[in-house]
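Read the numbers this way: they start at 1 and go in the same order the structure lists the ligands and their atoms. Keep in mind that the numbers below use all heavy atoms, side chains included, and drop hydrogens, waters and symmetry copies.
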Amino acid sequence: MNFLEERIMRDGIVKPGNVLKVDSFLNHQMDISLMNEIGKEFHRRFANKHITKVLTIEASGIAIAYPVANEFGVPMVFAKKSKSINIEGEMYVAEVESFTHKNKNQVIVSKKFLGPDDHVLIIDDFLANGCALQGLISIAESAGATVEGLGIAIEKGFQIGGRVIRNLGYHLESLAIVDAMDADTGIITFREQNV
Ligand code: 5GP
């Protein structure tokens, strides 16, 4: 088991509705040394890629993307959730349906911060059905940027997102893949990964 899987086993809580709560260390209270370790691990896994920007989505993606960008020594850009629809022109826009809140948000990135010369590493905390990642991919592609890879802290392997993204041919790395979790027993099963 790697460091993140161990932490999930210790402090993660399985909630009904296929939600894994990790708010004591990952997306509400944050364990900064764990974040830094995540940054180093993604840097190791994408070491052979030329990365010019790390792209994520607010809010909880930011905490993961920050140490990753720090390791690569490049800027981090986060897509903002926006209610305004009158922004096309200066902004790349994508529609993202939230898995946890079940609502749709437009997410935007200023055209100033992403362009055709960029080689992007997309980072997020969770992967469930893949809407957040698809939105970020669509923003990178609207910018004419190259998506070099995608890094996820926790993938829920029993939901379709991971399969969809890998089938599209993207290099997706997830530090922990949960293949099953049970809200009654609290038992979490991880996928074996050779990395
Ligand atoms: P997707 O777009 O892949 O369906 O869902 C990914 C987004 O939903 C992530 O950005 C994350 O914020 C949220 N999310 C999905 N599943 C979970 C979960 O089990 N626990 C938590 N805390 N967030 C989740």
Side-chain angles (χ1 to χ4, degrees), residues 4-31 34-35 38-39 42 54-69 76-82 92-109 120-141 147 149-191:
L4 183 60
E5 293 166 331
E6 275 171 10
R7 190 59 181 269
I8 295 166
M9 287 300 266
R10 204 177 86 198
D11 294 328
I13 299 167
V14 184
K15 293 280 181 190
N18 287 335
V19 171
L20 178 62
K21 226 169 171 227
V22 289
D23 61 352
S24 65
F25 60 97
L26 200 79
N27 56 17
H28 190 169
Q29 173 171 260
M30 286 160 192
D31 179 333
L34 183 86
M35 295 297 172
I38 289 174
F42 280 129
V54 172
L55 177 66
T56 189
I57 182 165
E58 71 174 354
S60 42
I62 296 172
I64 315 272
Y66 180 112
V68 178
M76 182 266 281
V77 179
F78 65 93
K80 294 184 168 206
K81 291 171 184 161
S82 162
Y92 304 114
V93 184
E95 186 147 288
V96 171
E97 186 168 348
S98 162
F99 175 80
T100 36
H101 304 289
K102 309 286 177 219
N103 59 344
K104 280 191 183 169
N105 276 301
Q106 287 209 316
V107 298
I108 56 169
V109 169
V120 175
L121 176 58
I122 293 175
I123 296 286
D124 203 5
D125 59 341
F126 269 93
L127 173 55
N129 293 326
C131 296
L133 285 191
Q134 300 249 33
L136 292 171
I137 290 170
S138 139
I139 282 178
E141 289 183 344
V147 176
L150 301 101
I152 292 290
I154 307 172
E155 173 180 339
K156 290 186 292 179
F158 53 88
Q159 293 182 262
I160 57 165
R163 203 167 348 122
V164 170
I165 301 290
R166 289 186 181 94
N167 283 347
L168 289 169
Y170 292 104
H171 177 186
L172 169 64
E173 293 278 343
S174 299
L175 302 191
I177 303 181
V178 175
D179 263 343
M181 57 187 204
D182 188 318
D184 294 327
T185 61
I187 293 173
I188 300 172
T189 312
F190 294 105
R191 189 175 302 172

**Message:** Residue by residue, ordered by chain and number, which ones reach under 4.0 Å of ligand 1 with a heavy atom?
**Reply:**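 Residues N18, V19, L20, N27, S60, F99, T100, D124, D125, F126, L127, A128, N129, G130, C131, A132, K156 each place a heavy atom under 4.0 Å from ligand 1, listed by chain and number.
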**Request:** Answer yes or no: is there a donor N or O on one side and an acceptor on the other, between the side chain of E155 and the main chain of I177, under 3.5 Å?
**Result:**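 Not a single qualifying donor-acceptor pair exists.
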**Side-chain donor/acceptor of N129 to backbone N/O of C131, under 3.5 Å** =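 No, N129 side chain to C131 backbone: no donor-acceptor pair under 3.5 Å.
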**Stepwise side chain to side chain contact (heavy atoms under 4.5 Å, CB included) test for M181 and F158** = CA-CA 9 Å; M181 57 187 204; F158 53 88; 3.9 Å; yes
**Prompt:** Between R7 and D31, is a salt bridge (charged side-chain N to carboxylate O under 4.0 Å, His left out) present by the stated rule, with each step listed?
**Reply:** CA-CA 10 Å; R7 190 59 181 269; D31 179 333; 2.7 Å; yes
**Prompt:** Between the side chains of S60 and D125, is a donor N or O closer than 3.5 angstrom to an acceptor N or O?
**Reply:**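 Short answer, yes.
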**Item:** Working for side chain to side chain contact (heavy atoms under 4.5 Å, CB included), residues M76 and T56
**Value:** CA-CA 8 Å; M76 182 266 281; T56 189; 4.0 Å; yes
